[in-house]
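Right, one structure below, let's go through it.
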Amino acid sequence: QVQLVESGGGLVQAGASLRLSCAASGRTFSNYLVGWFRQAPGKEREFVAAISRTGGSTHYADSVKGRFTISRDNAKNTVYLQMNSLKPEDTAVYCCAADRLPYSSRYYNSYEYDYWGQGTQVTVSS
């Protein structure tokens with residue numbers, strides 16, 4: 001089993017930056033594909049970014065491409081989401097998720113993932 005705990009959310013103004021962390025328990029976390037998803041009030045959960053086991057492959061939603069960067073430190077069992085130039089439309093609960101596979105072409109699909117954290121709130125004011 002893998003347990004995921006997100007941190008780093010908060011209330012910021014538009015244009016600011018935040019770095020989210022997803023800390024995992026379990027020795028096998030370094031073998032897993034990890035994704036970030038977000039859900040705003042009244043909206044469906046949407047894909048944000050994903051990173052393969054080694055970090056060699058990363059993917060981003062078009063809405064965050066060029067502003068967000070996903071990375072991982074397997075020695076620390078942690079995946080990060082650096083968010084720059086934040087916009088009010090980035091406001092959501094951000095969750096990380098882990099897939100037991102090292103990589104999947106369906107990285108954008110939430111049903112692909114086996115483990116989920118509780119989420120951290122990000123609020124961007126205009």
Side-chain angles (χ1 to χ4, degrees):
Q1 291 292 325
V2 173
Q3 292 185 326
L4 306 176
V5 179
E6 302 93 337
S7 62
L11 171 63
V12 296
Q13 291 188 330
S17 298
L18 282 173
R19 188 177 79 156
L20 305 184
S21 298
C22 172
S25 63
R27 293 174 293 176
T28 56
F29 178 73
S30 60
N31 292 332
Y32 296 169
L33 170 72
V34 176
W36 282 96
F37 291 78
R38 66 187 183 186
Q39 187 165 19
K43 295 187 177 181
E44 293 187 354
R45 183 162 53 191
E46 64 173 351
F47 168 75
V48 176
I51 187 166
S52 63
R53 176 180 67 88
T54 63
S57 293
T58 57
H59 302 279
Y60 299 92
D62 288 343
S63 59
V64 307
K65 201 170 293 184
R67 299 187 297 123
F68 291 12
T69 302
I70 189 170
S71 62
R72 69 191 299 163
D73 184 340
N74 285 338
K76 296 182 178 180
N77 269 8
T78 303
V79 171
Y80 305 98
L81 185 68
Q82 177 67 44
M83 306 186 297
N84 298 329
S85 303
L86 283 162
K87 304 175 181 180
E89 51 264 44
D90 294 319
T91 295
V93 174
Y94 285 70
C95 292
C96 64
D99 183 344
R100 285 190 291 256
L101 297 176
Y103 181 76
S104 170
S105 60
R106 296 179 297 177
Y107 56 82
Y108 53 87
N109 189 330
S110 62
Y111 293 101
E112 180 68 22
Y113 294 83
D114 303 294
Y115 306 104
W116 289 84
Q118 292 298 310
T120 184
Q121 176 71 46
V122 172
T123 304
V124 185
S125 63
S126 57

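Using the six-membered ring where Trp is involved, F37 and F47 have ring planes that are perpendicular, over 60° apart on the 30 and 60° scheme. Relative orientation of the F29 and Y32 rings is perpendicular, given thresholds of 30° and 60° on the angle between their planes.
Pairing each heavy atom of V79 with each of W36, the nearest pair is CG1-NE1, 3.7 Å. Taking each heavy atom of S30 and R53 in turn, the nearest pair found is O-CG, 2.6 Å. Considering every non-hydrogen atom in both Y107 and Y113, the closest pair reads O-OH, 2.6 Å. Across all their heavy atoms, G119 and C95 have their closest contact at CA-SG, 3.6 Å. The two residues A92 and A40 have their closest heavy-atom pair at CB-N, 3.8 Å. In plain terms, the two heavy atoms of S17 and N84 that are nearest each other are OG-OD1, 2.9 Å.
Applying the 6.0 Å contact sphere to CD of E89 captures more than 12 heavy atoms from other residues, nucleotides or ligands. Atom CZ of R106 has 12 or fewer heavy atoms from other residues, nucleotides or ligands within 6.0 Å. Around atom CD of Q121, more than 12 heavy atoms belonging to other residues, nucleotides or ligands sit under 6.0 Å away.
Hydrophobic clustering keeps Y80 apart from V12 (ILVMFWY residues linked when any side-chain heavy atoms are closer than 4.5 Å, directly or through intermediates). Note on I51 and Y115: same hydrophobic cluster, where clusters join Ile, Leu, Val, Met, Phe, Trp and Tyr whose side-chain heavy atoms are under 4.5 Å apart, directly or indirectly. Y60 is connected to L20 through a chain of hydrophobic side-chain contacts under 4.5 Å among Ile, Leu, Val, Met, Phe, Trp and Tyr, so both are in one cluster. Residues V48 and L4 share a single hydrophobic cluster, defined by chaining ILVMFWY side chains whose heavy atoms lie under 4.5 Å apart. Side-chain heavy atoms closer than 4.5 Å link hydrophobic residues (I, L, V, M, F, W, Y) into clusters, and following such links, even through other members, never connects V2 to L33.
The closest donor-acceptor contact from the side chain of S52 to the backbone of Y103 lies at 3.5 Å or more, if one exists at all. Looking only at distances, no side-chain donor or acceptor of R72 sits under 3.5 Å from a matching main-chain atom of G55. One N or O on the side chain of E6 and one on the backbone of Q118 form a donor-acceptor pair closer than 3.5 Å. Counting only distance, with no hydrogens or angles, the side chain of T78 and the backbone of A23 share no donor-acceptor pair below 3.5 Å.
Q13 contributes atom CD, which lies 9.0 Å from atom OG of S126 (distance to the nearest 0.5 angstrom). Atoms CG and OG1, from L81 and T120 in turn, are 11.0 Å apart once rounded to the nearest 0.5 Å.
Salt bridge R38/D90: present, at least one basic N to carboxylate O contact under 4.0 Å. Using a 4.0 Å cut-off between a side-chain N of Lys or Arg and a carboxylate O of Asp or Glu, K65 and D62 qualify as a salt bridge.
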